[in-house]
Undergrad: 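Quick one: the structure is below, questions incoming.
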Amino acid sequence: MKKGVLGEGMMNVISLLVLVGILVVFFIIFTKNIDYSNLKNVEEIISSKKINSDGGITLKNLLNTPLENVNLYEFIILNKNDQEKIKNKVNELMKDICNFDKILFILEPEKICSWNMKIKFSDETINLEGGFAKSSEAKASGISQQDSTNKFSYNLNLPDYNNNLVNIELGFIKGT
Amino acid sequence: MKKGAYILSGELSLWINRILLTIVVFGSVLFTIDQSLSKDIEIEESIADMAIRRLYYSSSCFASEDLSSDPGVVDIKKFTEKRLVNCLTKKYPIRVRLENKNIQISNLKSFNDELNICKVQNKKEKCLFENEQYVLVKENGNLKQDILKVEVIVK
C-alpha cells in the first residue's frame, strides 16, 4: 500500500516535470528570433507564383491601338464584312505581343506563347489564332501541361454603330 | 510470488507504457512545430511581379493620368530615371525599356554589375525576373503602340 502511494506521488511529480519541459520547449521555440536567411536550405518550400494574367491591359490596349484615323476596334466593326483585312491587321499587331515559331521553340522553349481571338458579332464569329497555336505542334511541345498555370483570357462587350453588342475575347497561353 | 513484487512489476510496466506514450506525443508535437517553422516562403517572384505592374498601373510611375489614372498607357514625359527611383526606390535593381521608342532607363547605374552577379547566382536560385507588356505610349496627346520590357532583380 505504501508503494502504491509512493508510485502515485512519483507519477504526479514526473507528469509535472514533463509538463514543465513541454512548456519550456514551446516557450523557446515561439519566442526565439528566426533568421530568415537560415531558412534557405530547408526542403519544404511554400511558393507564391506571380499571377499569370495582365489584368486585361493587353486586350484594352490592343483595341485602343490607333490605326490611321481609327482605333483597332473601330477598324474591326468598319471592316466586319472583310474578314481577311481584320485577320491581317490583328496578326500584324499580335506579332509584337506574342511571337513564337518552331525556331524559337528550339532556342527558348520556356518562352512559348500562343494566342487566340474570337470576335462575336450578333450574326457571325471570327476566329483568329497565332503564335505557337497549331494544335499538333502544341501537343508535341507538351503545351497542355502548362495550361493550368499559364493560361488566361479576357473578353469585352462593346457596342457597334447599330448598338448591337460585339464580344471580343483574347486568350493566351504563355511560358515563363 | 510475493504480493509486493507483483504490484511493483505491474506499476513498472504501466510506467514504461506511460513514458513511451509521452515520448511519442512529445516527439509528434515537436516534429509538427519544426515542420511548420522550417518552411521557406519564396516571395521573390511575387515581389517582382508587383513592382513590374506598378510601373504601368500607377500614375506615380509611368501611367498616364487625365482625370483618373489610365493603366497600360505610358506618359512619355514620365518615363525618366528620376521618376523610376521615386516610384520604386532603389531597393530592387530594375531596368525598363520601350522597344519601339528605343529608350532604356534604370534605377541604378550599376544595374549591369547587379545583373552579372545575379546571373552567376541564378544557377542556384532565380533572382532575375523579366516581363513584356503591350502598352500605348502617349506623346503630345497622340497614342502609339509599344512593348515595355522590364527586368527586375530580387534577391
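In what follows, chains carry the letters A, B, and so on, assigned in the order in which the sequence lines appear, proteins first and then strands, with residues in each chain numbered from 1. As the structure is a prediction and not an experimental result, all values here were calculated from the model.
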Undergrad: CZ of B:Phe31: more than 12 outside heavy atoms within 6.0 angstrom?
TA: no
Undergrad: With respect to chain A, which residue among B:Val135, B:Asn142, B:Asn100 yields the maximal number of heavy-atom pairs within a distance under 4.5 Å?
TA: B:Val135
Undergrad: Do B:Tyr57 and B:Val150 belong together in a cluster built from hydrophobic side chains that touch within less than 4.5 Å?
TA: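 Yes, one cluster joins them.
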Undergrad: Is it the side chain or the backbone of B:Leu30 that comes within 4.5 Å of chain A heavy atoms, both, or neither?
TA: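 For B:Leu30, side-chain heavy atoms alone lie under 4.5 Å from chain A.
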Undergrad: Assigning hydrophobic clusters by single linkage (Ile, Leu, Val, Met, Phe, Trp, Tyr; side-chain heavy-atom cutoff under 4.5 Å), is A:Phe75 placed with A:Leu165?
TA: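 No, A:Phe75 and A:Leu165 fall in different hydrophobic clusters.
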Undergrad: I'd like to check A:Ile22 versus B:Val29 (side-chain heavy atoms, cut-off strictly below 4.5 Å). Are they in contact?
TA: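 A:Ile22 vs B:Val29: side chains apart.
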Undergrad: Starting at CD1 of A:Ile97, measure out to OH of B:Tyr134 and round the result to the nearest 0.5 Å.
TA: 5.0 Å
Undergrad: Does any heavy atom of chain A fall under 4.5 Å from the side chain of B:Phe129, the backbone, both, or neither of them?
TA: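 No part of it gets close to chain A.
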Undergrad: What I'd like to find out is whether the side chain of B:Pro71 reaches to under 4.5 Å of the side chain of A:Ile57, using heavy atoms alone.
TA: yes
Undergrad: Transitively linked via ILVMFWY side-chain contacts under 4.5 Å: B:Leu14 with B:Leu21?
TA: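 Per the 4.5 Å side-chain linkage, B:Leu14 and B:Leu21 are not co-clustered.
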Undergrad: Counting heavy atoms not belonging to B:Lys149, are there more than 12 under 6.0 Å from its NZ?
TA: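 Count not over threshold, so no.
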Undergrad: I need the A:Asn61 CG to B:Tyr56 OH distance, nearest 0.5 Å.
TA: 10.0 Å
Undergrad: Is it the case that one hydrophobic cluster holds both B:Ile47 and B:Val85, taking links as side-chain heavy atoms less than 4.5 Å apart, direct or via other members?
TA: no
Undergrad: Rounded to the nearest 0.5 Å, what separation is found between the CD atom of B:Gln145 and the CG atom of A:Asn64?
TA: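 Rounded to the nearest 0.5 Å, the CD-CG separation comes out at 12.0 Å.
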Undergrad: Counting only heavy atoms not in B:Lys78, do more than 12 sit closer than 6.0 Å to its NZ atom?
TA: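 Result for NZ/B:Lys78: enclosed.
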Undergrad: Flag the pair B:Asp70 / A:Lys60 as yes when at least one side-chain heavy-atom distance between them is below 4.5 Å, and no otherwise.
TA: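 Contact flag for B:Asp70/A:Lys60 side chains = yes.
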Undergrad: Give a yes or no on whether A:Ile77 and A:Leu93 share a hydrophobic cluster (residues Ile, Leu, Val, Met, Phe, Trp, Tyr; joining criterion: side-chain heavy atoms under 4.5 Å apart).
TA: yes
Undergrad: Identify which part of B:Ile147 has an atom lying under 4.5 Å from any heavy atom of chain A, answering side chain, backbone, both or neither.
TA: side chain
Undergrad: Report the distance from atom CG of B:Asp146 to atom CG of A:Asp96, rounding to the nearest 0.5 Å.
TA: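 Output value for this atom pair is 8.5 Å.
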